[in-house]
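Please read the structure below before turning to the comments.
Just so we're clear, the structure is a prediction, and the values are computed from it rather than from any experiment.
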Amino acid sequence: MDRQLDGAGDEGRGALHALSAAALGRAYAAGSLSPCEVVDAVVARVERLEPLVQALWAFDAGAARAAARESEARWRQGRPLSPLDGVPLTLKENIATRGTPMPLGSAATELVPAADDAPPAARLREAGCVLLARTTMPDYGMLSSGLSSFHGREGRLTRNPWDLATNPGGSSAGAGAAAAAGYGPLHLGTDIGGSIRLPATWCGIVGFKPSNGRVPIKPPYIGRVAGPMTRTVQDAALMMGVLARPDWRDTTSLPPQPIAWDDLDVDDDLRWLRGLRLGLWLDAGWGLPLDGAVRAAVEAAARRFEAAGAIVEPLPPFVQREMADGIDLFWRMRSWMDISALPPARRERVLPYIREWVAPGARYSAAQLFHGFSQIGVLREATVAATQPHDFVLAPVAPLTRYPAAHASPTNDPARAMEHIGFTLPFNMSEQPAVSVPCAHDADGAPVGLQIIGRRHDDLGVLRLARAWERLRPADALAPWPLTA
């Protein structure tokens, strides 16, 4: 694979930068590690690899080290703010943090420092997490790619650590790449059509899209959620224990619930899987054809669940092209209105691919816009009805395993910009929880994720089944870590 970084020894899975948040919390409590040691190791990792991966923005090693010293003092006094106190963290740059501008991935954005922390940032700061940096995203989060007119200045391009010639996906591009590169264990992304799960599958990590409203966010929007991007399901659950706390600023958020996020292993021998009804969804009904390696990986996972006693049933396609095209039209129109309102000089700074994608919005009628918007409800109804007979659904995340780093989308065609989100989009519109968890690799070593979807609000159930998959999957499902240079 082109320019893949490799190596061995102390830079492998046991190095400080590679330790899970759960392991770090235990080590901090025992006094065998300090947050200062860990942050120093992660900073060194970033400084060595970031010239290649280019996943970060507003990286501040000094502030991170200062926060680590404060965390170390709290642990020594026996007064940590949470089990995640002192654990390194990155935030996607569309999650506001007080005092830092929010470019939204676009060179057209005026850089004004944010007045307050957005709800997810506030919760993680309250938990004592050590913020290292913000992570890159494409213009306005409207691409499944690391391509950005702001972050791409001076030839910078966020790359996939598994193969630097390929794309990490997006829009949580930098978060996926940072997690795979070993920039600490905790990363936060956002998802409106697959923007957490797509980079998770392509970067070989865990990416959890919670039920809509489970994690308060600002601003809220149809289908938009924030969620963990980690290397283990347990770390994703630990983040959820912090992120799901209430915040009045999200007027769409769910009421707080006492969810046992740390109770992932239902039993020792996975007996709870016996009789579980799992739908197997392998045909999105539209979009790019499913790659054979992806199909084989998901089918193999289904067989393992079946061998453990689950009942696997085929789930026929339930999405129609009209639904997807309607939502695409609505998104184009929404983005065209935002971009056309910019002064001409700033408008020209928007990524050309995005400008071409939104251009048809100038011609849409009110009737077309209303019909497009209505397809959100149509897709929601179809998705909930199709998945309701099953306890959970197994599916691919993306129809392909890789695409070039410089492409704005897998098709690289603004007229067909959404053809790769057939397996992810429905669950944003239906508000169901869904996770991408590493499943296998193709013949060239590119990661493949298994998507697990649950009924609305069964976030813990989805994480429990993902944890069960971590225990069921074969030892060779995970290739050696890509960036061990």
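- With contacts defined as side-chain heavy-atom distances shorter than 4.5 Å, the pair Q451/S436 does not qualify.
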Assess whether side-chain contact (heavy atoms from CB on, under 4.5 Å) is satisfied between V378 and M323, documenting all intermediate values.
-> CA-CA 7 Å; V378 174; M323 303 174 192; 4.0 Å; yes
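- The main-chain N or O of A107 is found under 3.5 Å from a side-chain atom of S149 such that the two form a donor-acceptor pair.
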Decide side-chain hydrogen bond (donor to acceptor under 3.5 Å, both in side chains) for Q432 and R455; before the verdict, give the C-alpha distance in whole Å, the side-chain angles of both, and the deciding distance to 0.1 Å.
-> CA-CA 6 Å; Q432 293 171 253; R455 292 176 179 151; over 6 Å; no
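- Judged by distance alone, with hydrogens and angles left aside, the side-chain atoms of T424 form a donor-acceptor pair with the main-chain N or O of G193 at under 3.5 Å.
- Annotation for Q368: atom CD counts as buried by contact number, over 12 foreign heavy atoms lying within 6.0 Å.
- Put simply, the side chain of S211 never gets that close to the backbone of R214: no donor and acceptor are under 3.5 Å apart.
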Could you go step by step and tell me if S195 and K92 meet the side-chain hydrogen bond (donor to acceptor under 3.5 Å, both in side chains) rule?
-> CA-CA 11 Å; S195 290; K92 188 175 178 180; 4.8 Å; no
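- By the 30° and 60° cut-offs, the orientation of the rings of Y221 relative to F330 is parallel.
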Review item, side-chain donor-acceptor pairs of residues 337-349, under 3.5 Å, at least two apart:
{"from": "S340", "atom 1": "OG", "to": "W336", "atom 2": "O", "distance (Å)": "2.8"}
{"from": "S340", "atom 1": "OG", "to": "M337", "atom 2": "O", "distance (Å)": "3.3"}
{"from": "R346", "atom 1": "NE", "to": "A108", "atom 2": "O", "distance (Å)": "2.8"}
{"from": "R346", "atom 1": "NH2", "to": "A108", "atom 2": "O", "distance (Å)": "3.1"}
{"from": "R347", "atom 1": "NE", "to": "L342", "atom 2": "O", "distance (Å)": "3.4"}
{"from": "R347", "atom 1": "NH2", "to": "S340", "atom 2": "O", "distance (Å)": "3.4"}
{"from": "R347", "atom 1": "NH2", "to": "L342", "atom 2": "O", "distance (Å)": "2.9"}

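- A distance-only check finds a donor-acceptor pair linking the side chain of D250 to the backbone of I217 [under 3.5 Å].
- Partner of F305 under the side-chain contact (heavy atoms from CB on, under 4.5 Å) criterion, chosen from L465, L276, L280: L465.
- The ring pair (Phe, Tyr, Trp, His ring centres under 6.0 Å) search around W281 returns F318, F423, F427, not counting sequence neighbours.
- A salt bridge does not link R98 to D116: none of the charged side-chain nitrogens sits closer than 4.0 Å to a carboxylate oxygen.
- Atom-to-atom distance recorded for R332:CZ and R363:CZ is 9.5 Å, nearest 0.5 angstrom.
- With rounding to the nearest 0.5 angstrom, the OG atom of S430 is 10.5 Å from the CD atom of E381.
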Applying side-chain hydrogen bond (donor to acceptor under 3.5 Å, both in side chains), run through T401 and D291 and close with a yes or a no.
-> CA-CA 8 Å; T401 61; D291 182 89; 5.1 Å; no
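- Residues R321 and E419 are paired through a salt bridge, judged by an N-O separation under 4.0 Å between the basic side chain and the carboxylate.
- Contact annotation: the side chain of F208 approaches that of D459 to within less than 4.5 Å [non-hydrogen atoms, C-beta and beyond].
- Proximity of R245 to P119: side-chain heavy atoms (C-beta onward) are nowhere separated by under 4.5 Å.
- In terms of heavy-atom proximity, W261 sits nearest to G241 at CD1-CA, 3.5 Å.
- Between L351 and L143 the shortest side-chain heavy-atom distance falls below 4.5 Å.
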Could you walk me through whether S144 and H420 pass the side-chain hydrogen bond (donor to acceptor under 3.5 Å, both in side chains) test, one step at a time?
-> CA-CA 9 Å; S144 293; H420 57 288; 2.8 Å; yes
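- Residue T230 holds its OG1 atom at 7.5 Å from CE of M239, rounded to the nearest 0.5 Å.
- The shortest non-hydrogen separation linking N167 to G146 is OD1-N, 3.0 Å.
- One N or O on the side chain of S172 and one on the backbone of T190 form a donor-acceptor pair closer than 3.5 Å.
- Evaluated for a side chain to side chain donor-acceptor pair (under 3.5 Å) with R134, the options T90, D60, T97, N94 yield exactly one hit, T97.
- Taking both residues in full, the closest heavy atoms of V448 and A297 are given as CG1-CB, 3.8 Å, listed atom of the first, atom of the second, then distance.
- Looking only at distances, no side-chain donor or acceptor of W162 sits under 3.5 Å from a matching main-chain atom of P168.
- A salt bridge links D247 with R123: the distance from a Lys NZ or Arg NE/NH1/NH2 to an Asp or Glu carboxylate oxygen falls below 4.0 Å.
- Using a 4.5 Å cut-off on side-chain heavy atoms (C-beta onward), V462 and R464 make no contact.
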Pair L198-I421, side-chain contact (heavy atoms from CB on, under 4.5 Å): steps then yes or no = CA-CA 8 Å; L198 290 165; I421 64 173; 3.8 Å; yes
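- Remark: R156 engages E50 in a salt bridge, criterion side-chain N to carboxylate O under 4.0 Å.
- The closest donor-acceptor contact from the side chain of R277 to the backbone of H390 lies at 3.5 Å or more, if one exists at all.
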Please lay out, stage by stage, how I327 and F373 fare under the test side-chain contact (heavy atoms from CB on, under 4.5 Å).
-> CA-CA 6 Å; I327 295 170; F373 179 78; over 6 Å; no
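- Every salt bridge (charged side-chain N to carboxylate O under 4.0 Å, His left out) that R380 has, sequence neighbours left out, goes to E431.
- To the nearest 0.5 Å, atom CG of residue L188 and atom CG of residue L91 are 5.5 Å apart.
- Salt-bridge formation is not detected for the pair R303/E306: no Lys NZ or Arg NE/NH1/NH2 atom is positioned less than 4.0 Å from an Asp or Glu carboxylate oxygen.
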Which is it for T158 and S148 under the side-chain contact (heavy atoms from CB on, under 4.5 Å) test, yes or no, and what are the steps along the way?
-> CA-CA 9 Å; T158 302; S148 160; over 6 Å; no
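- Proximity of a side-chain donor or acceptor of S145 to a complementary backbone N or O of H407 within less than 3.5 Å is detected.
- Between M142 and D139, every side-chain heavy-atom pair lies at or beyond the 4.5 Å cut-off.
- Considering all non-hydrogen atoms of both residues, G169 and P199 come closest at C-CB, 4.1 Å.
- One N or O on the side chain of E470 and one on the backbone of V233 form a donor-acceptor pair closer than 3.5 Å.
- D235 has no carboxylate O lying under 4.0 Å from a charged side-chain N of R231, or vice versa, which leaves the two without a salt bridge.
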Step-by-step salt bridge (charged side-chain N to carboxylate O under 4.0 Å, His left out) determination, D117 to R125 = CA-CA 9 Å; D117 287 345; R125 195 189 297 273; 2.6 Å; yes
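- Applying the side-chain contact (heavy atoms from CB on, under 4.5 Å) test between H151 and each of T136, L157, T135 identifies T136 as the sole match.
- Taking CG of L238 as the start and CE of M240 as the end, the distance is 11.5 Å to the nearest 0.5 Å.
- Two residues are said to be in side-chain contact when any heavy atoms from C-beta on lie closer than 4.5 Å; R224 and D191 fail this criterion.
- Atom CG of L186 and atom CG of L131 lie 11.5 Å apart (nearest 0.5 Å).
- Judged by distance alone, the side chain of N160 and the main-chain N or O of W202 form a donor-acceptor pair under 3.5 Å.
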